Amino acid sequence: MNIFNTSKKLIFSIITVFCASLFLMGCGKDKSMKDEEIANIFLEQVFSTDYENRYTEFLKDQDVDKYYETFSEYVSESCIENLKNNRTPIKYEKEAASEGILYVISDIKLKFDEDGSADFELLLADKNNKEKDIKKATGQISIIDKKVDRFFLNKLVDIE
């Protein structure tokens with residue numbers, strides 16, 4: 001019986017170490033994310049209409065803090081405050097909803113400098129007609145400590 005208990009403890013210890021290793025490897029992935037990946041995720045969140053039902057939920061409860069909290073994983077607090085103050089992207093989601101459009105990104109171009117700042121250009125299409133780009137957005141984005149720290153939208157224009 002003693003050998004049996006020792007074997008069970010050994011197997012349990014091996015499984016515990018294995019699970020902990022998998023967990024730590026998963027945590028390390030986020031820390032090793034490249035600035036470009038973070039920028040892409042953020043731009044997708046900002047410009048995709050009703051990203052993960054964010055706007056639908058906002059219409060139900062009108063909770064502005066909850067709406068902007070959806071950005072917190074990849075965005076600094078100061079950048080979230082700037083988004084709130086400029087009502088970005090909520091004002092664009094409101095406009096898109098009134099037009100019956102669900103924007104999705106069809107193309108993103110990023111040009112980073114050595115300081116972690118990038119110029120971006122992206123094209124938006126209607127989710128129901130991805131073949132035709134209907135808007136173009138340009139601006140700048142800065143990544144500090146694996147979070148978007150600054151976001152500036154130069155312009156969002158219709159494509160003719």
Side-chain angles (χ1 to χ4, degrees), residues 20 22-160:
L22 287 176
F23 176 75
L24 291 174
M25 285 190 305
C27 290
K29 265 187 185 175
D30 284 342
K31 292 182 187 312
S32 67
M33 276 186 109
K34 294 182 177 159
D35 289 352
E36 187 172 342
E37 292 172 297
I38 293 166
N40 280 317
I41 291 168
F42 171 74
L43 292 170
E44 187 79 30
Q45 288 177 332
V46 168
F47 288 100
S48 296
T49 307
D50 204 19
Y51 184 83
E52 295 183 352
N53 296 315
R54 174 184 61 216
Y55 190 67
T56 300
E57 292 298 316
F58 172 73
L59 291 175
K60 288 179 189 174
D61 59 24
Q62 299 293 307
D63 187 340
V64 172
D65 291 330
K66 181 179 168 186
Y67 176 90
Y68 285 100
E69 183 63 29
T70 62
F71 294 98
S72 64
E73 185 174 354
Y74 298 104
V75 181
S76 71
E77 283 299 316
S78 63
C79 187
I80 289 174
E81 286 304 313
N82 286 332
L83 291 173
K84 279 183 190 179
N85 292 337
N86 294 321
R87 299 181 329 120
T88 305
I90 203 165
K91 64 184 170 189
Y92 301 114
E93 291 203 85
K94 182 179 180 180
E95 179 183 319
S98 71
E99 295 173 6
I101 296 174
L102 285 173
Y103 289 114
V104 291
I105 294 178
S106 64
D107 186 42
I108 299 176
K109 292 178 184 148
L110 291 163
K111 185 177 179 185
F112 273 92
D113 62 23
E114 60 280 347
D115 297 331
S117 296
D119 291 323
F120 70 84
E121 177 181 299
L122 58 87
L123 299 174
L124 298 171
D126 187 345
K127 185 176 183 177
N128 299 318
N129 183 10
K130 292 181 183 177
E131 308 304 313
K132 183 179 178 220
D133 294 324
I134 54 179
K135 289 208 182 264
K136 176 179 170 181
T138 59
Q140 293 82 39
I141 188 170
S142 294
I143 312 286
I144 298 175
D145 296 329
K146 302 300 178 193
K147 292 221 178 204
V148 175
D149 191 59
R150 190 180 63 82
F151 168 74
F152 178 74
L153 177 62
N154 287 341
K155 56 184 166 180
L156 179 62
V157 296
D158 293 331
I159 295 177
E160 300 193 25

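Since this is a predicted model, take the numbers as computed values, not measurements.
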(message) Phe151 vs Asn82, test: side-chain contact (heavy atoms from CB on, under 4.5 Å). Steps then yes/no.
(response) CA-CA 8 Å; Phe151 168 74; Asn82 286 332; over 6 Å; no
(request) Would you check, one step at a time, whether the test side-chain contact (heavy atoms from CB on, under 4.5 Å) holds for Val46 with Phe71? (result) CA-CA 9 Å; Val46 168; Phe71 294 98; 3.7 Å; yes
(request) Evaluate the criterion side-chain contact (heavy atoms from CB on, under 4.5 Å) for residue pair Ser72 and Ile80; output intermediate values, then yes/no. (result) CA-CA 8 Å; Ser72 64; Ile80 289 174; 4.1 Å; yes
(request) Could you walk me through whether Asp35 and Lys146 pass the salt bridge (charged side-chain N to carboxylate O under 4.0 Å, His left out) test, one step at a time? (result) CA-CA 7 Å; Asp35 289 352; Lys146 302 300 178 193; 3.6 Å; yes
(request) Let me see the working for Lys136 and Leu124 under side-chain contact (heavy atoms from CB on, under 4.5 Å), right down to the final yes or no. (result) CA-CA 6 Å; Lys136 176 179 170 181; Leu124 298 171; over 6 Å; no
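Within 6.0 Å of NZ in Lys91 there are more than 12 heavy atoms belonging to other residues, nucleotides or ligands. The local environment of CG in Asn85 is crowded, with over 12 non-hydrogen atoms from other residues, nucleotides or ligands closer than 6.0 Å.
Under a 4.0 Å N-O distance rule, the pair Lys66/Glu69 does not qualify as a salt bridge. By the 4.0 Å N-to-carboxylate-O rule, Lys84 lies close enough to Asp65 to be salt-bridged with it. Ion pair Lys34/Glu37 not flagged as a salt bridge, since none of the NZ, NE, NH1 or NH2 atoms sits closer than 4.0 Å to an Asp/Glu carboxylate oxygen. A salt bridge links Asp158 with Lys135: the closest approach of a Lys/Arg side-chain nitrogen to an acidic carboxylate oxygen falls below 4.0 angstrom.
Taking 4.5 Å as the limit, every side-chain heavy atom of Val104 sits out of range of all side-chain heavy atoms of Phe47. At a threshold of 4.5 Å between non-hydrogen side-chain atoms, the residues Leu43 and Leu122 count as touching. Residues Ile141 and Asp149 form no side-chain contact, since every pair of their non-hydrogen atoms from C-beta on lies 4.5 Å or further apart.
Summarising the geometry, atom CG belonging to Asn128 is positioned 6.0 Å from atom CG belonging to Leu102; distances are rounded to the nearest 0.5 Å. Rounding to the nearest 0.5 angstrom, the gap separating the CG atom in Asp119 from the OG1 atom in Thr138 is 9.0 Å. For the atom pair Lys94 NZ and Arg87 CZ, the distance stands at 7.0 Å (nearest 0.5 Å). Distance OG1/Thr49 to OH/Tyr103: 6.5 Å, rounded to 0.5 Å. For the atom pair OG1 of Thr56 and CG of Asp61, the computed distance is 11.0 Å after rounding to the nearest 0.5 Å. With values rounded to the nearest 0.5 angstrom, Glu36 atom CD is found 9.0 Å from Ile108 atom CD1.
In the model, Glu93 has a side-chain atom that pairs as donor or acceptor with a side-chain atom of Tyr67 under 3.5 Å. A side-chain donor from one of Asp133 and Ser106 sits under 3.5 Å from a side-chain acceptor of the other. The closest side-chain donor-acceptor pair between Ser78 and Glu81, if any, does not fall under 3.5 angstrom.
For Asn53 (side chain) and Glu57 (main-chain N/O), no donor-acceptor pair under 3.5 Å exists by modelled atom type.
Taking every heavy atom of both residues into account, Arg54 and Pro89 meet most closely at NH2-CG, 3.9 Å. Taking all atoms of both residues into account, the shortest heavy-atom contact from Gln140 to Phe120 is N-CE2, 3.5 Å. Taking both residues in full, the closest heavy atoms of Leu110 and Ala39 are given as CD1-CB, 3.8 Å, listed atom of the first, atom of the second, then distance.
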